[in-house]
Amino acid sequence: MSQSFRLCAPALVLSGFSFLLFAIDAFRSKNLRTSSQVSFWTAIAGLLAAGALLPCRGFDTAILYGKGMLVADGLSVFMSWIAILSTFLVVLLSDQDEAHAGPSSAVYFGMLLLSATGLLMAASSYDFLMIFLAIEMVGIPAFILTGFNRNSQKSGEAAIKFFLIGAFSSAMLAFGISLLYGLVGSTSLSALQQSMPALQERSTIALLAFFFIIVSFGFKIALVPFHMWVPDAFEGAPTPIAAYLSVAPKMVGVALAVRVFNMALPEIPLGLFHLLSILAALTMTIANVIGLQQRNVVRLLAYSSIAHMGYVLLGVVAGGTSGLLSIYIYGWIYLFMNLGAFAIVICLSRVQHSSDLSAYEGLAKRSPILSALLVLFLVSLAGLPPTAGFVAKFYVFAAIYEAGRLPLLLIAAVNSVIAVGYYFKILHAMYFKEPNFQGDIRLPLSTRFVLAVTSFVTLFWGLAPQAGVAHLKKFIQQPPAQQAVSETPQP
């Protein structure tokens, strides 16, 4: 039992700090600035405490706990780090943000930590019921945060759309789980893995169940054609929340897909991986083509995030050790290069109160350092050397090549070329247009820290990725059903 509490400690700490923030809101100071700073530093303390309790590598043996509904393995630890780090950087980017200025700051940070708690639980889920509950724990606070800017009509519209799509996808997931329960008699992934004959014998119903589960996952991680909510949600939400939604929930959603389709069902002949291949090709292609037409930079980054989920899905399709390693590398690098780009977007939107492409015109003359950093992040998102984005795409492409899916590799390569077009629209505006705004661009200390960290990782991983890749390999483990489980706590 003590082992179970130790493994749950990061999530318990985060949830505890989230409720502490709600208590701070109830007894907030009349000085709004003081209340906001107390909330900010409480959120930082909660994330640092949770991070201190996370291991820095996978376990020697995967551990089932919580009556078999949770698992501690390399995948859960790595995705927990993605959740903690992305939330930490988003909290820093939220410092002095107008969307939660005043008495609502404690609720804002509390909801953010509560959503991160759901991410930790989702990353460790080994039962469909726990997956469902964890996804809802992520989605409900995220829906509230999307509509947090009460003075913006777009924010309210984005929240409603996010809520409706989330409810619909949850219903699809629940229906798929109910069908699987009827076939297997359990919601556990271990039981699912041991019920291959039953699934193959009633393959039509099993395929229908997995179809509903894939559709639900598709909505959660914004795969085409289930991506419609993303651009409006990103545009209407406070920009730091758009940055949060673009990384942590999506990567944890990919982790759930890996756990279900690569670990629990690696060899079931239902054509699931052909369906995932089609979704990956559609996601990359349609998102990149629509991205070429965008002038709002936040919407452009929204379509960019959709396209990148298509690339990450290639690792799920590839499967095996190389596929899992490519997901780890892509997720780690995407965290930093995407949040770095969003950090600059947040800075400019605060100054000019606009995310239109015209706000970036002449940025190279107004702020050469800021424009150079944005070039670094955009070149990395495009997957060009010598940045980390090139390393991420190289490993994903190598995994899909090793899996023998050459048509999918060709589609991904063509889409990488298409993506260059809309990233370089921003570069053209910065370097080849005259500035239309003369105000100073002041960066808070927290934003400077975020830019320093994200730019360092983006450049370092592009120039010397070997040490980082070697460390990420330590997170690769076989699923617990294929190993001796070291602990299964008794009720």
*Judged by atom type as modelled, is there a donor-acceptor pair below 3.5 Å linking the side chain of Asn288 to the main-chain atoms of Ile418?*
no
*For the residue pair Lys220 and Ile135, establish whether any side-chain heavy-atom pair is separated by less than 4.5 Å.*
yes
_Walk me through whether Asp232 and Arg299 qualify under salt bridge (charged side-chain N to carboxylate O under 4.0 Å, His left out)._
CA-CA 8 Å; Asp232 291 337; Arg299 292 182 71 90; 2.9 Å; yes
_Are Phe162 and Phe143 an aromatic pair, judged by ring center distance below 6.0 Å?_
no
_I'd like to know if the side chain of Ser124 reaches the main chain of Met121, judged simply by a donor and an acceptor atom lying under 3.5 Å from each other, with no hydrogens or angles considered._
no
*Going through the checks in order, is the ring pair (Phe, Tyr, Trp, His ring centres under 6.0 Å) test met by Tyr328 and Trp332?*
CA-CA 6 Å; Tyr328 286 171; Trp332 180 256; over 10 Å; no
_With no hydrogens and no angle check, just 3.5 Å: does a side-chain donor-acceptor pair link Tyr395 and Ser322?_
no
*asked:* Would you say CZ of Phe132 has more than 12 non-hydrogen atoms from neighbouring residues, nucleotides or ligands within 6.0 angstrom?
replied: yes
*Measure from the side-chain N and O atoms of Ser94 to the backbone N and O of Val90, and report whether any donor-acceptor pair falls under 3.5 Å.*
yes
_Hydrogens and angles aside, do Ser355 and Asn296 bring a side-chain donor and acceptor to less than 3.5 Å of each other?_
no
*Say whether, by atom type as modelled, one donor and one acceptor occur between the side chain of Ser246 and the main chain of Ala243 under 3.5 angstrom.*
yes
_So does Ser169 get a backbone contact from the side chain of Ser216, meaning a donor-acceptor N/O pair under 3.5 Å?_
yes
*Please say which of Ile327, Leu279, Thr283, Val396 ends up in a side chain to side chain contact (heavy atoms under 4.5 Å, CB included) with Leu313.*
Leu279
_Donor + acceptor pair across side chains of Ser304, Tyr423 (<3.5 Å)_ = yes
*Which atom names give the shortest non-hydrogen contact between Thr454 and Gly340, and what distance separates them?*
OG1-CA, 3.6 Å
_I want to know whether Phe19 and Phe22 have ring centres closer than 6.0 Å._
yes
_I want to know whether Phe219 and Phe168 have ring centres closer than 6.0 Å._
yes
